[in-house]
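Have a look at the structure below before the remarks.
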Amino acid sequence: AKPSGRHFHRDHQRWASLTLADFEAINRCDRSLPKNFNFAGDVLDQWSQKEKVEDDGLPLGETNAWAFAPVGILFICSATRTTQRICAVLQSPDHVGSLSFPGLVFMPGTTQLTAKDILYRLRVSKAKCIVASEEVAPAVESIVSECPHLKTKLLVSPESRNGWLSFQELFQSASEEHSCVETGSQEPMAIYFTSGTTGSPKMAQHSQSSLGIGYTLCGRYWLDLKSSDIIWNMSDTGWIKAAIGSVFSSWLQGACVFVHRMAQFDMDTFLDTLTTYPITTLCSAPTVYRMLVQKDLKRYKFKKLQHCLTGGEPLNPEVLEQWKAQTGLELYEGYGQTEVGIICANQKGQEIKPGSMGKGVLPYDVQIIDENGSVLPPGKEGEIALRVKSTRPFCFFSEYVDNPEKTAATIRGHFYVTGDRGVMDTDGYFWFVGRADDVIISSGYRIGPFEVESALIEHPAVVESAVVSSPDPIRGEVVKAFVVLSAPFKSSNLEELTLELQDHVKKSTAPYKYPRKVSGPKVKKLDQMWRSWDMNWCL
Ligand code: BCO
């Protein structure tokens with residue numbers, strides 16, 4: 001079962017050769033990347049060994065990775081024996097064996113993906129195995145016949161399902177003796193799908209070291225984590241923010257990760273959780289803080305909360321001030337992208353300038369550039385860019401898989417361009433201005449207008465559609481759709497049709513992308529006008 005030419009390590013001592021200080025030095029460019037790196041062996045195993053040796057009363061260790069099943073809450077730590085058993089399941093020759101070489105590449109997807117989204121991802125990636133919960137399984141089954149490369153379906157559920165392997169059953173019988181495969185530090189580790197203005201989402205591929213070592217300093221100075229901390233990062237596992245905040249940066253620091261399996265965001269459950277559990281560190285999209293500051297937060301006593309972070313969309317300075325006034329806690333904004341992780345952040349110990357995204361995070365050299373790739377002076381607006389020449393930072397994505405044109409289009413002169421516009425002030429703080437393209441950033445989601453337009457056009461009422469961003473006090477921006485109606489629908493009740501089209505988009509693609517904007521009486525006026533001109537109306 002083990003691929004030839006691959007070395008499997010059984011000796012834990014081998015992994016002890018790299019320390020947290022080494023990872024930090026790599027991020028500061030004081031040390032080169034090791035030839036080989038594997039997060040499970042080089043990081044998780046080390047923490048596990050340390051806990052065993054020191055027995056220093058850390059709140060969580062191998063023996064007490066707790067599961068609070070009734071409320072669906074989990075504390076997770078570097079539970080090596082557990083991860084070894086999971087690896088044993090995934091690498092068993094009987095089921096997913098062919099994935100084990102050269103190291104398994106994972107491709108997370110948000111829980112909101114529809115059957116169509118899943119089909120697209122499985123087909124373009126040629127994935128051989130899908131791991132899904134019971135909620136997603138029917139969607140997978142509806143498209144599986146169209147995915148010739150898919151060999152294995154693994155169900156994570158107490159229930160069993162026809163045609164699926166049961167993760168739970170395999171886990172019970174899996175060996176704890178599994179040993180790590182050796183992976184090159186620049187071998188692929190993960191693929192994230194990311195939306196652009198046009199076309200379907202692209203596959204941004206990250207290496208073992210880009211994710212596994214790349215955000216060590218942000219874990220220490222932005223997330224401000226120690227091994228005694230418990231972090232609740234609210235991102236869905238489909239986003240890179242979850243990779244950084246709930247896996248790699250947190251576990252590099254040995255911190256405990258808190259997971260709440262809330263089916264959908266619920267403010268009361270959220271506040272109860274913070275008052276009940278000893279969460280020290282919270283990371284959430286600005287939309288959540290905008291919702292939170294509308295509550296009387298002084299009524300709540302958060303059990304252990306000390307450090308609050310936000311990212312995924314711009315934070316308004318007023319929300320930061322209100323949060324601080326109500327809780328006494330600062331709000332540390334970070335700014336990043338799927339392709340390159342954290343770019344700027346308000347790091348612990350730095351003065352926070354409300355409204356700014358903080359300073360560039362090592363190893364990045366962040367600059368504002370013009371359309372020719374020249375660096376602009378402080379105070380001048382341009383595109384936020386990261387220097388890639390002469391050396392491309394190791395924590396960059398490797399490429400958009402099978403898309404050399406789009407990969408090449410990210411480079412301008414000596415820089416990688418983020419597609420975001422901003423300004424740097426004379427103190428080196430960055431201020432977000434807006435997107436340089438038509439991508440919509442809503443509630444921390446990056447939404448490509450093309451994807452929503454494609455969903456709308458599938459509906460028989462829609463002849464043509466155009467999707468744009470519209471400002472929103474809570475979600476920052478929301479999706480707004482302009483629609484040309486087909487003849488049979490021109491006399492429809494617009495309120496009903498609006499709901500129908502919204503529902504249609506929610507079913508066709510991940511629901512977070514649906515056009516929220518319904519302008520009430522204004523729509524009616526526009527509608528009367530446009531109808532009389534035989535034109536369109538807006539959602
Ligand atoms: O608001 P509505 O109720 O009208 O619609 C919601 C849901 O009800 C609906 N929905 C969800 N599942 C559905 C469904 N409808 C039908 N069928 C289903 N199965 O769809 C809408 C989804 O909107 P939402 O996700 O924004 O929901 P919600 O409850 O308002 O949540 C608010 C937030 C703030 C918790 C949520 O928007 C969120 O988690 N945002 C953060 C996203 C994030 O983590 N971004 C980071 C990306 S990585 C990055 O930026 C790199 C930087 C480091």
Side-chain angles (χ1 to χ4, degrees), residues 108-115 117-118 133 135-136 138-139 192-195 201 204 206 211 214-215 218-219 222-223 232-249 260 262-270 273 282-292 309-315 319 332-345 357-358 361 384 395 397 418-420 432 435 439-447 452 455 472 474-479 498-499 502-518 539:
T110 158
T111 46
Q112 290 193 27
L113 292 182
T114 61
D117 298 326
I118 296 169
S133 63
E135 296 79 32
V136 185
Y192 281 84
F193 282 80
T194 176
S195 298
H206 274 277
L211 284 181
Y215 314 117
C218 97
W222 179 48
L223 302 176
W232 187 18
N233 168 53
M234 289 195 52
S235 259
D236 183 288
T237 47
W239 313 123
I240 194 132
K241 195 158 150 284
I244 296 171
S246 303
V247 185
F248 298 107
S249 295
H260 196 310
M262 241 189 288
Q264 207 176 331
F265 179 70
D266 176 74
M267 186 59 75
D268 292 331
T269 312
F270 175 86
T273 305
L282 174 70
C283 186
S284 232
T287 295
V288 170
Y289 291 101
R290 280 187 216 111
M291 292 171 174
L292 279 170
L309 304 137
T310 193
E313 51 167 326
L315 172 74
V319 174
Y332 291 82
E333 183 178 356
Y335 156 74
Q337 281 192 342
T338 303
E339 289 86 343
V340 295
I342 300 301
I343 298 170
C344 297
M357 312 183 289
V361 171
I384 303 171
C395 34
F397 74 123
T418 57
D420 292 324
F432 188 85
R435 283 293 300 174
V439 168
I440 301 160
I441 301 178
S442 176
S443 310
Y445 297 116
R446 190 169 140 160
I447 301 171
V452 187
D472 184 80
I474 296 293
R475 292 174 187 273
E477 297 174 21
V478 289
V479 173
T498 297
L499 292 175
Q502 288 176 325
D503 198 45
H504 164 78
V505 174
K506 283 183 179 180
K507 290 198 177 101
S508 169
T509 188
Y512 67 82
K513 298 178 201 163
Y514 87 89
R516 287 176 181 271
K517 210 74 175 188
V518 186
L539 275 182

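This chain uses plain numbering: 1 for the first residue, then up along the sequence. Start at 1 and go down the list; that is how both ligands and their atoms are numbered.
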Going by the order shown, which atoms of ligand 1 are within less than 4.0 Å of some heavy atom of [X]?
X	result
T287	34 (C)
W239	43 (C), 44 (O), 47 (C), 48 (S)
K506	4 (O), 5 (O), 15 (N)
I342	53 (C)
A285	41 (C)
V288	34 (C), 35 (C)

Looking at ligand 1, is there an atom of it that comes within less than 4.0 Å of some heavy atom belonging to Y335?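 Checking ligand 1 against Y335, which is what was asked, there is no heavy-atom contact under 4.0 Å.
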Next item on the list: Please confirm whether R516 comes under 4.0 Å of ligand 1, counting heavy atoms of the residue only.
Entry: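 Yes.
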ask   = Is K517 paired with E477 through a side-chain N to carboxylate O contact shorter than 4.0 Å?
value =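 No, E477 and K517 are not salt-bridged.
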Open item on the list: Just checking F265 against F270, ring centres under 6.0 Å apart?
Closed with: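 Centroid distance F265-F270: below 6.0 Å, so yes.
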- Item | Ring-ring centroid check F193 W239, cutoff 6.0 Å |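 Not close enough - the centres of the two rings lie 6.0 Å or further apart.
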- What protein heavy atom sits nearest atom 17 (N) of ligand 1, and how far away is it?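 Protein heavy atom with the smallest distance to atom 17 (N) of ligand 1: P511 CG, 4.1 Å.
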Check: Closest non-hydrogen protein atom to atom 36 (C) of ligand 1, residue and atom name please, with distance?
Finding: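 Minimum-distance protein heavy atom for atom 36 (C) of ligand 1 reads Y445 OH, 3.6 Å.
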Once the angle between the rings of H206 and Y192 is folded into 0 to 90°, is it parallel (under 30°), tilted (30 to 60°) or perpendicular (over 60°)?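 Plane angle over 60°, so perpendicular.
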task: From the options Q264, R475, R290, Q502, select the one whose nearest heavy atom is closest to atom 30 (O) of ligand 1.
output: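 Ranked by closest heavy atom to atom 30 (O) of ligand 1, first place is R475.
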Does any N or O of ligand 1 fall below 3.5 Å from an N or O anywhere on T338, backbone included?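 Between T338 and ligand 1 (N or O atoms, distance only) the closest approach is not under 3.5 Å.
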